[in-house]
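The residues of the chain are indexed from 1 along the displayed sequence. All values derive from a computational prediction rather than experimental measurement.
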Amino acid sequence: MAWTWLGLAGLFEIGWAIGLKYTDGFTRLVPSVLTAVSMIISVVLLGIALKTLPVGTGYAVWTGIGTVGTAILGIVLFGEPATVMRLACIGLIVAGILGLKLASG
């Protein structure tokens with residue numbers, strides 16, 4: 001169950017990272033509130049997952065999910081470059097996440 005909580009925490013991390021773009025420097029109320037709520041949910045779920053997962057593994061996977069999801073959504077939503085090197089590096093992060101999952105059982 002801890003991996004489920006960690007996965008959800010990572011999804012909410014993506015939500016708040018992308019949400020930051022829409023807050024316009026926290027000058028827009030609704031995006032700012034939704035971003036702040038996503039931040040809180042993400043950290044709370046990470047804390048729940050870390051009750052049983054090692055902190056190094058949990059934190060690395062949480063940030064990895066956030067990094068990969070935010071990078072992909074940056075490409076899709078904001079037209080950020082999708083170069084071969086960038087996509088390869090995203091793939092390496094995914095490999096690292098999977099490796100940590102497999103290594104921890």
Side-chain angles (χ1 to χ4, degrees):
M1 193 68 193
W3 284 100
T4 301
W5 295 124
L6 185 59
L8 289 171
L11 293 176
F12 277 98
E13 184 184 3
I14 296 166
W16 71 256
I18 293 297
L20 286 172
K21 184 77 169 171
Y22 292 102
T23 67
D24 197 24
F26 290 100
T27 60
R28 297 177 61 212
L29 180 62
V30 172
S32 296
V33 169
L34 292 174
T35 297
V37 169
S38 290
M39 288 176 176
I40 293 166
I41 292 171
S42 180
V43 171
V44 168
L45 291 173
L46 174 62
I48 292 168
L50 292 181
K51 286 181 176 182
T52 55
L53 293 175
V55 68
T57 299
Y59 185 75
V61 170
W62 178 66
T63 58
I65 293 169
T67 301
V68 168
T70 302
I72 291 170
L73 286 177
I75 293 167
V76 172
L77 297 175
F78 307 123
E80 296 175 1
T83 63
V84 171
M85 180 62 88
R86 187 169 186 186
L87 295 174
C89 290
I90 291 170
L92 289 171
I93 296 168
V94 170
I97 293 168
L98 293 173
L100 286 170
K101 167 66 171 118
L102 293 172
S104 68

Reported CD1-to-OG1 distance for the pair Ile93 and Thr63, which is rounded to 0.5 angstrom | 8.5 Å
Any sub-3.5 Å donor-acceptor pair from Thr70's side-chain atoms to Thr67's backbone N or O?
-> no
Taking all heavy atoms of Phe26 and all of Ser32, pick out the closest pair and write down the distance.
-> CA-OG, 3.3 Å
Ala60 versus Leu100, closest heavy-atom pair with distance | CB-CD1, 3.6 Å
For Arg28, does its backbone N or O pair with a side-chain atom of Thr23 as donor and acceptor, under 3.5 Å?
-> no
Taken to the nearest 0.5 Å, the spacing of Thr4 OG1 from Leu45 CG works out to 11.0 Å
Between atom CH2 of Trp5 and atom CD1 of Ile48, what is the distance when rounded to the nearest 0.5 Å?
-> 6.0 Å
Mind checking the CG-CG spacing from Leu29 to Asp24? Nearest 0.5 Å is all I need.
-> 13.0 Å
Leu20 and Met39, any side-chain heavy atoms less than 4.5 Å apart = yes
Compile the donor-acceptor pairs under 3.5 Å between side chains in residues 73-85 and protein atoms, sequence neighbours left out, one pair per line.
residue, atom, partner, partner atom, Å
Glu80, OE1, Arg86, NH2, 3.0
Thr83, OG1, Arg86, N, 3.1

Are Leu92 and Ile65 connected in a single hydrophobic cluster, I mean Ile/Leu/Val/Met/Phe/Trp/Tyr linked by side-chain heavy atoms less than 4.5 Å apart?
-> no
Taking the side chain as every heavy atom from C-beta outward, state whether Lys101 and Ile97 have any pair of such atoms under 4.5 Å apart.
-> no
Indicate, with yes or no, if Tyr59 and Ile40 share a hydrophobic cluster defined by side-chain heavy-atom contacts under 4.5 Å among Ile, Leu, Val, Met, Phe, Trp and Tyr.
-> yes
Taking all heavy atoms of Ala2 and all of Ala49, pick out the closest pair and write down the distance.
-> O-CB, 3.5 Å
So, do Leu46 and Leu6 sit near enough that their side-chain heavy atoms are less than 4.5 Å apart?
-> yes
So if you build clusters from Ile, Leu, Val, Met, Phe, Trp, Tyr with side-chain heavy-atom gaps below 4.5 Å, do Phe12 and Val30 land together?
-> no
Might you point out which heavy atoms bring Ser38 and Trp16 nearest each other, and give the distance in Å?
-> CB-CB, 3.7 Å
With the 4.5 Å side-chain cut-off for hydrophobic clustering, are Leu11 and Leu34 part of the same group?
-> no
Under a 4.5 Å cut-off applied to non-hydrogen side-chain atoms, are Leu53 and Trp3 in contact?
-> yes
